[in-house]
Amino acid sequence: MAKMSPAQLLDAIRSDPARAAEVEVYDALERQLGDEYTVFYSVEWNAAPVSSEPVQDGEADFVVGHPKHGFLVLEVKGGIVAFDPEQRRWTSTSRGGYTNKITDPFGQAKRSCYGLVARIQKLVSERGSMRLFHGVVLPHCLIRPEDLPGAASPRTTIDAGGLSHLEQSIEQAFEYWANGVELRGPGYGEVLRAIRRIHSHPVAGYRNMSLEIVEHHAEFDRLTDDQLRVLDMVAANRRLLVRGCAGSGKTFLAKRLAAKRSSRGERVLTVCFNNLLGNLLEEELGGLPRVTATNFHRLCERLAQGAGMALTPPAAENASVYYTALLDAALAALDSDPSLRFDTVIVDEAQDFELEWWIVIEALLSGEDASLTVFTDANQLLYGTNRGVPDGYGVFAEIDLGENVRNTQAIHREALRFFRGETVPTALGPEGVAPTWIEAESPDAQIAQLELVLGRLIDEQRIATKDVAVLTPKGVGSTSLNDLQQVGKWDLSAYELREDDEIGWSTIRRFKGLESPVVILVELDDAIAQSDRLRELVYVGISRARDFLYLIGSSGTLTLIRTDGKRA
């Protein structure tokens with residue numbers, strides 16, 4: 001008996017009068033053909049038979065396979081089949097005398113054969129001719145060879161008489177098509193697997209992390225746009241202090257405010273401390289008219305250079321002397337040339353600013369009517385408590401942003417354990433998944449775990465390398481990432497220097513103010529557990545992850561972090 005696919009016909013098919021002829025042929029093929037035959041019933045295909053033609057689809061009633069002969073596509077037409085050449089019309093008359101118009105069975109068999117060939121070619125490794133032929137089965141009538149159309153052959157047409165010795169009829173059709181010619185192309189087994197995949201390959205839809213990122217991004221964009229209502233409040237206040245948790249959209253609002261004030265013809269400065277964030281602001285706002293966007297020290301250097309007071313950065317041990325001189329030079333430049341001042345000054349991540357810098361900020365304002373807007377988060381004091389907006393520094397209208405619109409709720413809850421403040425912020429984004437904690441005691445073990453995580457993210461979950469950021473709580477001079485150029489098969493580069501196919505890494509301090517769909521925190525070891533700023537580092541590091549977060553570190557330090565940074 002032939003191997004049938006499907007192995008049994010559904011009752012709904014067997015009881016359908018429209019499929020009676022196909023059921024009869026199915027049973028005959030199964031009963032009369034030998035074990036070497038494989039028979040597929042109802043093979044649907046979709047392909048472009050010729051490259052210049054539009055995509056077509058169709059269905060082959062049967063595909064009969066034999067290792068020696070190849071494959072035969074069979075089109076079945078029940079009833080008494082006839083062709084009227086005057087009307088160019090094919091008909092089928094049932095036993096009850098009903099006549100219906102039908103499609104040309106020979107042309108249909110030919111199209112199904114060529115369509116399957118085109119579809120199979122997309123699934124096999126070798127190009128070339130395949131032993132894939134076609135024929136017609138008319139199980140309810142006899143037909144004389146001389147009555148067949150010119151496009152048909154009696155040796156490829158199986159009528160009711162041929163149905164009684166079906167294996168012989170099929171072998172005759174194979175011999176007719178092969179005609180002793182050796183065809184070269186993909187082997188029988190590979191074509192058989194391709195047809196099986198077309199016919200009965202299981203379908204199982206799935207989701208992966210890259211899809212989650214896309215969906216989350218759309219939701220976060222909507223939520224962040226909702227924060228624009230704050231701009232209406234900003235417009236009426238020339239001095240405004242905006243406090244917000246990580247993820248509350250402070251940088252987004254700073255950028256939108258800069259664009260709004262620029263459109264009014266004002267000279268606008270958007271300034272921060274962080275180099276990476278300064279680069280981002282300059283990239284996104286630099287094209288707007290009358291807008292300057294940069295970090296604080298780069299701004300001071302430009303002011304000094306513009307006034308002809310350029311300073312040469314000294315060795316690291318004399319850095320404090322240099323920066324003090326730089327402030328003096330910037331103030332002198334602003335005093336000597338008032339045109340260097342701005343109508344609107346926007347300070348982002350103001351908690352990073354040293355107290356004496358605010359003298360420069362004040363000098364940057366063009367006059368009493370100039371606007372100063374300050375965005376800050378006291379929970380991100382990574383550089384000590386002697387920074388931020390000085391007490392008594394002017395009179396500000398104040399706004400508190402109490403909604404996180406950047407992180408999933410699962411990541412927000414993790415960061416919230418390290419939040420300090422009277423008003424606990426809420427998260428409006430999607431639920432997401434809990435962070436993944438990975439214990440690895442030694443530095444080598446942590447890098448090995450990092451490689452495994454990257455493999456799962458990039459190879460299995462199809463996440464783009466640009467959507468992954470590796471962050472360390474250590475400084476640039478003490479992190480092992482600084483000397484690590486590769487993790488497994490992935491190239492590793494400083495975040496600001498990374499190419500599209502590279503994984504970017506940064507310190508948590510340098511990455512503050514930025515975000516990434518996926519963040520992997522590494523080097524959470526016993527040394528970092530002793531840091532006086534552990535709580536702030538963990539809070540900032542966790543809150544950089546928009547969608548997915550991984551933490552790799554020693555068991556002791558991970559336990560300490562899980563207990564909110566409280567040492568025994």
Carboxylate-amine/guanidinium contact [X] [Y], below 4.0 Å:
{"X": "Lys474", "Y": "Asp525", "result": "yes"}
{"X": "Arg290", "Y": "Asp343", "result": "no"}
{"X": "Glu398", "Y": "Arg243", "result": "yes"}
{"X": "Glu301", "Y": "Arg298", "result": "no"}
{"X": "Glu536", "Y": "Arg533", "result": "yes"}
{"X": "Lys466", "Y": "Glu499", "result": "no"}

Testing the 3.5 Å rule here: is there a donor-acceptor pair between the side chains of [X] and [Y]?
{"X": "Ser5", "Y": "His199", "value": "yes"}
{"X": "Ser371", "Y": "Arg261", "value": "yes"}
{"X": "Arg406", "Y": "His412", "value": "no"}
{"X": "Gln461", "Y": "Asn208", "value": "no"}
{"X": "Asp526", "Y": "Ser554", "value": "yes"}
{"X": "Ser555", "Y": "Glu441", "value": "yes"}
{"X": "Asp337", "Y": "Ser339", "value": "yes"}
{"X": "Gln449", "Y": "Glu451", "value": "no"}
{"X": "Arg413", "Y": "Asn407", "value": "no"}
{"X": "Glu502", "Y": "Thr465", "value": "no"}

Subject >> Name of the residue among Val538, Leu537, Leu534, Thr507 meeting side chain to side chain contact (heavy atoms under 4.5 Å, CB included) with Pro473 >> reply: Leu537
Subject >> Reference residue Glu349; test side chain to side chain contact (heavy atoms under 4.5 Å, CB included); the match among Thr376, Val374, Asp377, Leu277 >> reply: Leu277
Roughly how far, to the nearest 0.5 Å, is [atom2] of [Y] from [atom1] of [X]?
{"X": "Glu284", "Y": "Thr270", "atom1": "CD", "atom2": "OG1", "result": "11.0 Å"}
{"X": "Thr373", "Y": "Leu257", "atom1": "OG1", "atom2": "CG", "result": "5.0 Å"}
{"X": "Cys272", "Y": "Lys250", "atom1": "SG", "atom2": "NZ", "result": "12.5 Å"}
{"X": "Ser493", "Y": "Leu484", "atom1": "OG", "atom2": "CG", "result": "11.5 Å"}
{"X": "Leu285", "Y": "Thr294", "atom1": "CG", "atom2": "OG1", "result": "11.5 Å"}
{"X": "Glu362", "Y": "Leu334", "atom1": "CD", "atom2": "CG", "result": "11.5 Å"}

Subject >> side-chain contact (heavy atoms from CB on, under 4.5 Å) between Val191 and Leu123, worked out >> reply: CA-CA 8 Å; Val191 176; Leu123 301 174; over 6 Å; no
[X] side-chain N/O to [Y] backbone N/O, donor-acceptor pair under 3.5 Å:
{"X": "Gln446", "Y": "Ala440", "value": "yes"}
{"X": "Arg544", "Y": "Lys512", "value": "no"}
{"X": "Glu523", "Y": "Ser480", "value": "yes"}
{"X": "Ser442", "Y": "Ala445", "value": "yes"}

Exercise: identify the closest heavy-atom pair between [X] and [Y]:
{"X": "Leu288", "Y": "Ser262", "value": "CB-OG, 4.2 Å"}
{"X": "Ala246", "Y": "Asn404", "value": "O-ND2, 3.4 Å"}
{"X": "Thr557", "Y": "Leu524", "value": "CB-O, 3.2 Å"}
{"X": "Leu551", "Y": "Pro435", "value": "CD1-CB, 3.8 Å"}
{"X": "Gly429", "Y": "Phe220", "value": "CA-CE2, 4.0 Å"}
{"X": "Leu326", "Y": "Cys300", "value": "CG-CB, 3.7 Å"}

Heavy-atom check, side chain of [X] versus side chain of [Y], under 4.5 Å:
{"X": "Ser543", "Y": "Phe418", "result": "no"}
{"X": "Ile411", "Y": "Ile542", "result": "yes"}
{"X": "Ile458", "Y": "Ile503", "result": "yes"}
{"X": "Phe342", "Y": "Thr292", "result": "yes"}
{"X": "Cys245", "Y": "Leu401", "result": "no"}
{"X": "Ile438", "Y": "Leu452", "result": "no"}
{"X": "Ile508", "Y": "Leu521", "result": "yes"}
{"X": "Ser125", "Y": "Glu190", "result": "yes"}

**OP:** Apply the test side-chain contact (heavy atoms from CB on, under 4.5 Å) to residues Leu331 and Asp335: give CA-CA distance (whole Å), side-chain angles for both, the deciding distance (0.1 Å), then the verdict.
**Re:** CA-CA 6 Å; Leu331 286 170; Asp335 185 56; over 6 Å; no
**OP:** For atom CD of Gln485, decide whether the heavy atoms of other residues, nucleotides or ligands shown that lie under 6.0 angstrom number more than 12.
**Re:** no
**OP:** Start with the C-alpha gap between Asp348 and Thr251, add the side-chain angles, then the distance that decides, and say whether side chain to side chain donor-acceptor pair (under 3.5 Å) holds.
**Re:** CA-CA 6 Å; Asp348 195 18; Thr251 299; 2.6 Å; yes
Subject >> Parallel, tilted or perpendicular: ring planes of Phe273 versus His297, cut at 30 and 60 degrees >> reply: perpendicular
Original post:
Where do Asn274 and Asn295 land on the side-chain contact (heavy atoms from CB on, under 4.5 Å) test, with the steps shown first?
Top reply: CA-CA 6 Å; Asn274 188 315; Asn295 75 346; over 6 Å; no
**OP:** Could you walk me through whether Trp505 and Tyr495 pass ring-ring contact (aromatic ring centres under 6.0 Å, His included), step by step?
**Re:** CA-CA 5 Å; Trp505 73 269; Tyr495 193 83; over 10 Å; no
